[in-house]
Amino acid sequence: MDYQVLWIIKFCGVIKFYGFIGRSTMPDTIAAIATGGAVCAVGIIRLSGPEAIAAVDRIFLAKSGIKMCDTEDRKLVYGALMGGNGAVLDLCLCTVSRGPHSYTGEDTAELHCHGSPVVLAEGMRALFGAGVRQAAAGEFTKRAFLNGRMDLSQAEAVADLIEAETAPAAQNAAGQLQGAVGGRIDAVYNALVDLSAHFFAVIDYPDEDIDDFELNNYASVLSGAETTLRNLLETVERGRVMKDGVKTAIIGRPNVGKSSLLNALVGYERAIVTPVAGTTRDTIEEKLRVGGVLLRLTDTAGIRETSDEVERLGVERARGAASGAALVVAVFDGSAPLGDDDRIVMDIAAASEKKLAVVNKSDLGTAADIGELERRLGTALIVSARTGDGVEAFARAAEKLLGGGGPVPAGEILTNQRQAEAIGQALESVGQALKALNAGVTPDAVLTEIETALAALGEVTGKTIREDIVGRIFERFCVGK
Ligand SMILES: Nc1nc2c(c(=O)[nH]1)N(C=O)[C@@H](CNc1ccc(C(=O)N[C@@H](CCC(=O)O)C(=O)O)cc1)CN2
Ligand SMILES: Nc1nc2c(ncn2[C@@H]2O[C@H](COP(=O)(O)OP(=O)(O)OP(=O)(O)O)[C@@H](O)[C@H]2O)c(=O)[nH]1
Ligand SMILES: [Mg+2]
């Protein structure tokens, strides 16, 4: 082959090689709309990476004439955002934060525009022209994690905070953003690292026995770790309720006002209401916040014996909803005496651990035996879905029954399944290590268990975690976070 051609091929290979190295050591610059796609008062485009400040300097002209590269960190500068064709897109504010003292740890910039999706999209287009690329979901926070600005439990708290549906859930996530979980896990992690260092020393000098004082010391470190991990795990159930809400089934015989109650609770005509018995066929779901508790309400078909095939399937679904619910709300028509269908409803509700009876239509007077309801179901609340009387009291009763309104969580409630699984594994290994220690097993057996526990704890904070798992965690974030 011609030497010249060979040389060119070799040269291209070198470029490719350095191109690869360049990409892997020097991150590119990313941009995204941070404020979502809706029309709003102010919309923010954010950038991160080595070219972030240079890129805004290409498309943003400060009124004062100053360049953003000459502006101090975290100062807002007023000016014009320029489109690709040189036209002014918006009059906006720009700010920069240089790495490492920024959210991502890299150089960052923000454009605070008028909140028009069109302006923001055009601003993004101008930035692509200035050499930046669209950020992937969660990429800013992923960079913050990879640059050591936060651990993985804090990064996950960012997503939890954004998605929180109640004030306590948001408060708990904010606590975790400050390191409530990461700090506790780190404390256990560090204690176990110290312990394993001792054990390594023992293995290196096998002739020296571990004295009793030290053995006791090791045992107390391990049981201290066990306690911390167990306490954290015990919050998982509360965490699930906090994050996912409480499945709540509204059941009752036809026409008692189940759909009317749902509508009165959520404050709009969510479900169809008619005087015809058997109006609701399929189940209807709606979220409702009562105080700090999120209810996932399911309105169901009225329960009765029926030959109508569609209605029968609906009744089956109603029974299914009740058995799958954490809270059953049994509705009765208080203006009529209780009948056989009401007693079937009572039986279904009584089988649920948590239930509330609602005696509806109080505006029509009372003919139902409220004493019977209270004997079977405990609390009975008198309401009128039509006038709204008692509906608020019902919501308060539900909140109280579900343990809402308790102390405000400051991050100590575990809401993340991945973290819970890893902590469960660590707890198991610490328990085994303690057992091995007490049984007088050779030090390396104890050490093996401690190392397994360390690996599991490292997954919580991200100290030791596979890259593909990190990738999967951040993929679930929104774009711009
Ligand atoms: N406009 C805007 N609002 C936002 C964010 C943002 O990036 N931009 N955030 C993110 O998405 C959250 C705030 N998080 C942040 C965390 C750290 C830093 C930061 O620059 N920290 C530096 C400097 C602190 C200082 O000295 O003032 C540091 O800790 O060194 C910025 C935002 C929520 N609100
Ligand atoms: N006077 C009075 N009427 C009510 C009240 N609540 C509901 N109703 C009426 O009772 C009828 C049935 O109400 P729905 O809410 O459809 O009852 P439901 O239990 O969902 O009925 P199905 O879906 O058929 O099982 C409608 O005509 C409502 O307007 C109330 O508090 N007072
Ligand atoms: Mg209905």
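For the single chain, residues carry numbers from 1 onward in sequence order. As the structure lists them, so they are numbered: ligands from 1, and atoms in each ligand from 1. Note that the structure is a prediction, hence the values are computed from the model and not measured.
The distance from the Mg ion (ligand 3) to the nearest N/O/S atom of T300 is not under 2.8 Å.
Taking only nitrogen or oxygen atoms, main chain and side chain alike, A385 reaches within less than 3.5 Å of ligand 2. Residue S384 places at least one N or O, backbone or side chain, under 3.5 Å from an N or O of ligand 2. Distances between N or O atoms of T279 and those of ligand 2 include at least one value under 3.5 Å.
Against a heavy-atom cut-off of under 4.0 Å, H101 is close to the following atoms of ligand 1: 20 (O), 22 (C), 23 (C), 30 (O). For ligand 2, the atoms lying closer than 4.0 Å to a non-hydrogen atom of V256 are 19 (O). Heavy-atom contacts of A277 reach the following atoms of ligand 2: 24 (O) (cutoff under 4.0 Å). Annotation for ligand 2: atoms under 4.0 Å from non-hydrogen atoms of G302 are 25 (O). Per-residue contacts place E110 under 4.0 angstrom from the following atoms of ligand 1 (heavy atoms of the residue considered): 1 (N), 2 (C), 6 (C), 7 (O), 8 (N). Under a 4.0 Å criterion applied to the non-hydrogen atoms of L364, ligand 2 contributes the atoms 1 (N). Near R46, with a cut-off below 4.0 Å to any heavy atom, the atoms of ligand 1 are 6 (C), 7 (O), 10 (C), 11 (O).
From the protein, the heavy atom lying nearest to atom 14 (P) of ligand 2 is S260 OG, 3.6 Å. Among all non-hydrogen protein atoms, the one lying nearest atom 10 (O) of ligand 2 is K361 NZ, 3.2 Å. Considering only non-hydrogen protein atoms, atom 18 (P) of ligand 2 sits nearest to K258 N, 3.5 Å. Atom 16 (C) of ligand 1 has Y103 CD1, 3.7 Å as its closest protein atom, hydrogens excluded (heavy atom only). Looking at atom 26 (C) of ligand 2, its nearest protein heavy atom turns out to be T274 O, 3.4 Å. Of all protein heavy atoms, the one lying nearest to atom 28 (C) of ligand 2 is V273 CG1, 3.6 Å. When only non-hydrogen protein atoms are considered, atom 24 (C) of ligand 1 lies nearest to R74 CZ, 4.1 Å. Shortest contact from atom 20 (O) of ligand 1 to any protein heavy atom: S102 CA, 3.4 Å. Nearest protein heavy-atom contact of atom 21 (N) of ligand 1 is R149 NH2, 3.8 Å. Of the protein's non-hydrogen atoms, the one nearest atom 2 (C) of ligand 2 is D363 OD2, 3.5 Å. Ranking the protein heavy atoms by distance from atom 33 (C) of ligand 1 puts K481 NZ, 4.9 Å first. Summary of contacts: the protein heavy atom closest to atom 17 (O) of ligand 2 is G257 N, 3.2 Å. Ranking protein heavy atoms by distance to atom 29 (O) of ligand 2, first place goes to R386 NH2, 2.9 Å.
A salt bridge links D308 to R281: one of the charged nitrogens lies within less than 4.0 Å of a carboxylate oxygen. Between E399 and R396, at least one side-chain N (NZ, or NE/NH1/NH2) sits under 4.0 Å from a carboxylate O, which counts as a salt bridge. Between E165 and K287, at least one side-chain N (NZ, or NE/NH1/NH2) sits under 4.0 Å from a carboxylate O, which counts as a salt bridge. Ion pair E316/R319 not flagged as a salt bridge, since none of the NZ, NE, NH1 or NH2 atoms sits closer than 4.0 Å to an Asp/Glu carboxylate oxygen. Between D28 and R143, at least one side-chain nitrogen of the basic residue sits less than 4.0 Å from a carboxylate oxygen of the acidic one, meeting the salt-bridge criterion. Using a cut-off of 4.0 Å between Lys/Arg side-chain N and Asp/Glu carboxylate O, D151 and K463 are scored as not salt-bridged. A salt bridge does not link E106 to R98: none of the charged nitrogens lies less than 4.0 Å from a carboxylate oxygen. Using a cutoff of 4.0 Å between basic side-chain nitrogens and carboxylate oxygens, R476 and E156 are not scored as salt-bridged. Between R133 and E139 there is a salt bridge, since at least one side-chain N of the basic residue sits less than 4.0 Å from a carboxylate O of the acidic one. R312 and E309 are joined by a salt bridge, as a carboxylate oxygen and a charged side-chain nitrogen come within less than 4.0 angstrom of each other. For the pair R304 and D340, the salt-bridge criterion is not met [side-chain N within less than 4.0 Å of a carboxylate O]. Between E372 and R375 there is no salt bridge, since no side-chain nitrogen of the basic residue lies less than 4.0 Å from a carboxylate oxygen of the acidic one. Using a cutoff of 4.0 Å between basic side-chain nitrogens and carboxylate oxygens, R238 and E412 are not scored as salt-bridged.
A donor and an acceptor atom, one from each side chain of D389 and S384, are nowhere located under 3.5 Å apart. Donor-acceptor pairing under 3.5 Å is lacking for the side chains of S102 and S97. One side chain, S335 or D333, offers a donor N or O that lies under 3.5 Å from an acceptor on the other.
Heavy-atom distances between G278 and ligand 2 reach below 4.0 Å in at least one pair. Judged by the shortest distance from any of its heavy atoms, V276 lies inside the 4.0 Å radius around the atoms of ligand 2.
With a 4.0 Å heavy-atom cut-off, ligand 2 is reached by the backbone of N255 and by its side chain too. Contacts between T280 and ligand 2, counted as non-hydrogen atom pairs separated by less than 4.0 Å, involve both the backbone and the side chain. Within the 4.0 Å heavy-atom criterion, neither part of S335 lies near ligand 2. Residue contacts with ligand 2, taken as heavy atom pairs separated by less than 4.0 Å, involve N360 solely via side-chain atoms from C-beta onward.
Stacking of K481 on the aromatic ring of F145 is not recorded, the 6.0 Å distance cut-off and the 45° axial limit not both being met. Cation-pi contact between K142 and F477: absent, since separation from the ring centre below 6.0 Å together with deviation from the ring axis within 45° is not met.
For atom 12 (C) of ligand 1, the protein comes within 4.0 Å by no heavy atom at all. Of the protein's heavy atoms, at least one falls inside 4.0 Å of atom 29 (O) of ligand 1.
Here the angle centred on the Mg ion (ligand 3), running from OG of S259 over to OG1 of T280, is 90°, rounded to 10°.
Between V460 and L152 there is no side-chain heavy-atom pair separated by less than 4.5 Å.
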